[in-house]
Amino acid sequence: MSFGKITAVAHYAPEQVVTNEDLTKVMDTSDEWIKSRTGIEQRHISSNENTSDLATKVGQQLLAESKLAAEAIDFIIVATISPDASMPSTASLVQAKLGAVNAFTFDLTAACSGFIYALSVADKLMTSGVYKNGIVIGAEVLSKVVDWTDRATSVLFGDGAGGVLLQSSSQGPLLLSESLKSDGSRSQSLTSNLTQPNSPFSKATQENDLFLKMDGRAIFDFAVRDVPKNILETLEKGNLSPEAVDYFLLHQANSRILDKMARKIKVDRAKFLQNMQEYGNTSAASIPILLSEAVASGTIKLDGTQKIVLTGFGGGLTWGTLVVKI
């Protein structure tokens with residue numbers, strides 16, 4: 001039977017770094033206020049690169065690292081809530097820039113769970129036996145959807161991209177267990193790009209609301225209440241204990257959330273890798289950026305010996321966990 005195996009990882013962030021101190025020059029905030037509440041110290045902000053540009057840089061690195069020709073790629077999935085456009089898909093733009101002429105492409109929208117959802121979908125494509133090589137990327141330029149007059153949300157987010165190359169393998173399954181969740185009844189807790197009918201025949205009574213809006217308390221409570229349960233349930237599905245996991249790579253939203261997760265799951269906080277202090281919240285890009293950095297540092301080996309929990313949570317509401325062997 002054919003399985004998918006992560007054979008390469010990569011990440012990219014815009015060169016421009018905006019520190020908390022930089023933000024104090026454009027809004028009423030402070031380094032202490034941001035850092036004490038979130039753990040964030042800085043973020044990368046694009047000056048002229050769009051989402052497809054960031055994703056393409058990741059794709060180029062994946063091809064270079066694997067020494068694989070672009071023509072050998074069968075599919076490209078880009079998880080994003082900040083695409084270049086509604087149409088064409090960001091993935092299609094990446095395909096063109098890479099020269100991956102044989103790949104089919106699509107975007108997936110699941111906010112901060114996007115990479116988790118996309119990797120789950122990609123795994124099913126690989127296990128079908130039809131496809132040999134696929135690229136999954138989480139990429140965001142959130143700076144273009146953030147309301148920079150709203151200090152409660154604008155200080156949280158950053159721009160970046162990360163991704164993985166999946167290749168066909170007979171060495172066993174990538175996913176040991178998984179659980180993906182959604183709750184549309186809580187959808188208004190985190191929104192972006194709300195649009196209304198607009199035609200000579202429409203009777204819209206509300207205006208478009210294009211900026212990202214968040215009920216911070218509701219999202220925090222959701223994360224610390226629902227997500228640990230999801231992680232434990234997914235581990236139980238795979239007959240695994242939390243102690244059997246080498247590392248937990250969760251969406252990088254807030255260091256206090258990770259603190260609470262570790263306590264609820266009853267594992268050493270050191271197993272929860274963290275980099276939001278450098279990148280801020282990059283939504284669908286946060287987990288693959290963290291994974292790429294962990295591989296680059298030697299923390300994660302990609303030699304098939306480690307069990308890793310990947311968990312996303314965010315708008316939709318969406319959340320989900322993959323237990324992977326990589």
Side-chain angles (χ1 to χ4, degrees), residues 11-55 57 78-86 90 107 109-114 138-162 187-196 198 206-220 223 251-257 275-286 289 313-317:
H11 70 281
Y12 175 80
E15 183 178 350
Q16 178 175 238
V17 171
V18 176
T19 66
N20 292 347
E21 194 61 36
D22 292 330
L23 290 178
T24 66
K25 301 170 186 175
V26 297
M27 66 181 68
D28 181 18
T29 191
S30 71
D31 175 59
E32 190 279 331
W33 190 89
I34 299 168
K35 194 156 51 178
S36 65
R37 288 163 174 77
T38 67
I40 297 168
E41 299 175 11
Q42 64 176 46
R43 70 283 299 144
H44 294 251
I45 299 295
S46 175
S47 58
N48 59 2
E49 296 168 298
N50 213 331
T51 307
S52 67
D53 298 315
L54 307 191
K57 293 285 180 62
V78 173
T80 185
I81 56 167
S82 55
D84 289 27
S86 297
T90 299
D107 289 356
T109 303
C112 306
S113 308
E140 304 285 9
V141 178
L142 297 173
S143 57
K144 64 185 180 182
V145 299
V146 164
D147 180 357
W148 287 97
T149 67
D150 177 11
R151 76 165 189 164
T153 57
S154 60
V155 302
L156 304 176
F157 297 97
D159 303 335
S187 61
Q188 298 309 297
S189 298
L190 186 51
T191 62
S192 178
N193 198 33
L194 297 176
T195 59
Q196 302 296 326
N198 181 20
Q206 294 177 297
E207 295 184 357
N208 294 342
D209 191 353
L210 304 183
F211 288 129
L212 188 153
K213 299 288 177 63
M214 180 173 68
D215 181 340
R217 173 49 59 186
I219 293 298
F220 188 92
H251 169 54
Q252 299 291 289
N254 187 309
S255 62
R256 291 166 56 213
I257 289 177
N275 68 358
M276 89 273 293
Q277 65 273 11
E278 179 179 347
Y279 296 97
N281 181 341
T282 56
S283 191
S286 75
I289 291 174
F313 50 91
L317 295 176

K.L.:
Look at the side chain of Gln252 and the backbone N and O of Asn275, then say whether any donor-acceptor pair between them is shorter than 3.5 Å.
P.N.:
yes
K.L.:
Given the rule in the side chain to side chain contact (heavy atoms under 4.5 Å, CB included) test, do Gln42 and Glu278 qualify, once you have shown the distances and angles that lead to the verdict?
P.N.:
CA-CA 5 Å; Gln42 64 176 46; Glu278 179 179 347; 3.3 Å; yes
K.L.:
Any chance you could measure Ile45, atom CD1, to Lys144, atom NZ, to the nearest 0.5 Å?
P.N.:
12.5 Å
K.L.:
How long is the straight-line distance from CG of Asp150 back to CG of Leu212, given to the nearest 0.5 Å?
P.N.:
9.0 Å
K.L.:
In terms of side-chain heavy atoms, does Ser52 have a donor or acceptor partner in Asp84 at a distance below 3.5 Å?
P.N.:
yes
K.L.:
Please find the pair of heavy atoms, one from Tyr12 and one from Pro14, that lie closest to each other, and give the distance.
P.N.:
CE2-N, 4.1 Å
K.L.:
Any side-chain donor-acceptor pair under 3.5 Å between Thr80 and Asp107?
P.N.:
no
K.L.:
Does any N or O in the side chain of Asp147 come within less than 3.5 Å of the main-chain N or O of Phe211, such that one atom is a donor and the other an acceptor?
P.N.:
no
K.L.:
From Leu142 CG over to Ser154 OG, what is the distance, rounded to the nearest 0.5 angstrom?
P.N.:
12.0 Å
K.L.:
I need the Ser189 OG to Ile219 CD1 distance, nearest 0.5 Å.
P.N.:
5.0 Å
K.L.:
State whether the number of non-hydrogen atoms from other residues, nucleotides or ligands found under 6.0 Å of Glu21 atom CD is greater than 12.
P.N.:
no
K.L.:
Rounded to the nearest 0.5 Å, what separation is found between the CG atom of Asp159 and the NE2 atom of His44?
P.N.:
10.0 Å
K.L.:
When you measure from the side chain of Trp148 to the backbone of Met27, do you find a donor-acceptor pair of N or O atoms at a distance under 3.5 Å?
P.N.:
no
K.L.:
Is there a donor-acceptor contact under 3.5 Å linking the side chains of Ser82 and Glu140?
P.N.:
yes
K.L.:
Under the criterion side chain to side chain contact (heavy atoms under 4.5 Å, CB included), which of Val141, Leu54, Thr51 is the partner of Thr90?
P.N.:
Thr51
K.L.:
Is the ring pair Phe313/His251 parallel, tilted or perpendicular, if the boundaries are 30 and 60 degrees?
P.N.:
perpendicular
K.L.:
To the nearest 0.5 Å, tell me how far Asn193 CG sits from Ser86 OG.
P.N.:
6.5 Å
K.L.:
With distance as the sole test, does Asn20 use its side chain to make a donor-acceptor pair with the main-chain N or O of Ile40 at under 3.5 Å?
P.N.:
yes
K.L.:
State, to 0.1 Å, how close Ala285 and Gly138 come at their nearest heavy-atom pair, and which atoms those are.
P.N.:
CB-O, 3.3 Å
K.L.:
Can you tell me which residue pairs pass the salt bridge (charged side-chain N to carboxylate O under 4.0 Å, His left out) test with a partner in residues 37-55, sequence neighbours excluded?
P.N.:
Glu49-Lys57, Asp53-Lys97
K.L.:
Would a distance-only check, ignoring hydrogens and angles, find a side-chain to backbone donor-acceptor pair under 3.5 Å from Thr24 to Thr29?
P.N.:
no
